[in-house]
Asker: 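Right, I'll just put the structure down here and ask away after.
Read the numbers this way: they start at 1 and go in the same order the structure lists the ligands and their atoms.
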Amino acid sequence: MKVCSIVGARPQFVKLAAIDSELRRRNIEHVVINTGQHYDKDMSANFFLDLGISAPNVDLGVGSGSHGYQTGKMLIGLEKALIEHRPNWTLVYGDTNSTVAGALAATKLGLPVAHLEAGLRSFNRKMPEELNRVATDHLSDLLLAPTQVAFDHLAREGLAERATVVGDVMTDILYRERDAVRELSTDPSKYMNHEADDYWFATIHRPYNTDDKKTLSSILSAFEALPDRVLLAVHPRLRASASAHGLNLASANVQLLPPLAYRELISTVMGSKGVITDSGGLQKEAFLLRRPCITVRSETEWVETIELGWNQLCPDPLYLNEAASSPPPTPTKAAPYGTGDAASRAVDILERNL
Ligand code: UD1
């Protein structure tokens, strides 16, 4: 069997790490195509090194651009690479422009496609990711759902026959890297030398939070007004928007960090009072590390984190302080994202459906 993974953006590298390690364990041929959607070292190359992922076989170097430009450039490069490699399975990950471009390029060539992290829905069609998810799910031959909720969404769209719940592959890597951090450091939360427990760890990168000056400014004011300090890891989109709007990200209460390596992120979350974010993956990572999360959005795909009381939606930054003062969540042993064996289950299914 020959599997071809198509990735390009930071969260996809983490998911790829789980699949790549499982394919290598089974001696299955794996071709990695990196679209180059993310290209800064700390958003891309460092993840391959830190997580021990096979170097990409093909680097398309597409870079940034409008949705049409970026996706179009990817399609041209992916078609050529897929014709050359002709995999038995093309694997696409998550919901970025690299995901939908990969699914479209491969299915148009008649190559079987499996979508990892299938079935997630925000039901907000203003999000480019939601459009990418829906299109990718309907194009793909095999749908590997992370949760029962995701499977149910697919079933409602008539896709149940192609779908299976395998668990969440990001969880596999999170547990593996958390354990590595624990081994390396007597106090995992001190791995990064932050003084523990007196800060919120924050990330903001969604266009609807970064691109409008008023919204971004009210988020920054809310950070400034929190009684505890905020460590803000700055995504390049946030840095660019703040600079375009003439807004300062750092303030007396807000300390800036660069985009973090995965172990640094885990340690920083573990040492925090909680997480404030609009990222999908980080909401789940906070839950898995049992830190409360405040999500600066009006909806989430990871509804289990809300139902279990570990995540609160706070679309209006005016209420951030109130959300941050909520009582701590009730401890739980629930494992809605699996127990760390999702990659193995996903590869089993690829082999079975060859
Ligand atoms: C993309 C995904 C989003 C995911 C996020 C993770 C889409 C539509 N969105 O959003 O789902 O949550 O990745 O980070 O695919 N830039 C750099 N250096 C880089 C990468 C980006 O400077 O290495 C800057 C550029 O100004 C670029 C902007 O960030 O225009 C946005 O990058 P882009 O890949 O378009 O989307 P993300 O916001 O990263």
Asker: Are Arg206 and Asp211 within salt-bridge range, i.e. N to O under 4.0 Å?
Answerer: no

Asker: Is Asn97 in polar range of ligand 1, meaning some N or O pair under 3.5 Å apart?
Answerer: yes

Asker: Hey, is Ala240 touching ligand 1 through its side chain, its backbone, both or neither, going by heavy atoms under 4.0 Å?
Answerer: neither

Asker: Considering only protein heavy atoms, which is closest to atom 27 (C) of ligand 1, and at what distance to one decimal place?
Answerer: Ser64 OG, 3.2 Å

Asker: For atom 36 (O) of ligand 1, what's the nearest protein heavy atom and its distance?
Answerer: Arg237 NH2, 3.7 Å

Asker: Closest by any non-hydrogen atom to atom 5 (C) of ligand 1: pick that one out of His205, Gln12, His67.
Answerer: His205

Asker: Need the ligand 1 atom indices (1-based, order shown) with element for anything under 4.0 Å from a heavy-atom of Asp95.
Answerer: 11 (O)

Asker: Look at atom CZ of Arg162 and say whether more than 12 heavy atoms of other residues, nucleotides or ligands are closer to it than 6.0 Å.
Answerer: yes

Asker: Tell me whether Asp316 contacts the main-chain N or O of Leu318 through its side chain, where contact means a donor paired with an acceptor under 3.5 Å.
Answerer: yes

Asker: Check ligand 1 against Pro11 and write out every atom of the ligand that is under 4.0 Å from a heavy-atom position of the residue.
Answerer: 6 (C)

Asker: Is there a polar contact, in the sense of an N or O pair closer than 3.5 Å, between His38 and ligand 1?
Answerer: yes

Asker: Could you list the atoms of ligand 1 found under 4.0 angstrom from a heavy atom of Glu129?
Answerer: 2 (C), 3 (C), 9 (N), 11 (O)

Asker: Is Arg206 in contact with ligand 1, taking contact as a heavy-atom separation below 4.0 Å?
Answerer: yes

Asker: Tell me, which protein residue and heavy-atom name are nearest atom 24 (C) of ligand 1, and how many Å apart are they?
Answerer: Pro236 CB, 3.7 Å

Asker: Check Ala334 against Arg290 and note the closest heavy-atom contact, atom names and distance.
Answerer: O-NH2, 3.2 Å

Asker: Has Ser44 got a side-chain atom pairing as donor or acceptor with Lys41's backbone, closer than 3.5 angstrom?
Answerer: no

Asker: Using the benzene-type ring in the case of Trp, are the ring centres of Tyr337 and Trp302 under 6.0 Å apart?
Answerer: yes

Asker: I'd like to know if the side chain of Glu299 and the backbone of Ser122 have a donor-acceptor N/O pair within less than 3.5 Å.
Answerer: no

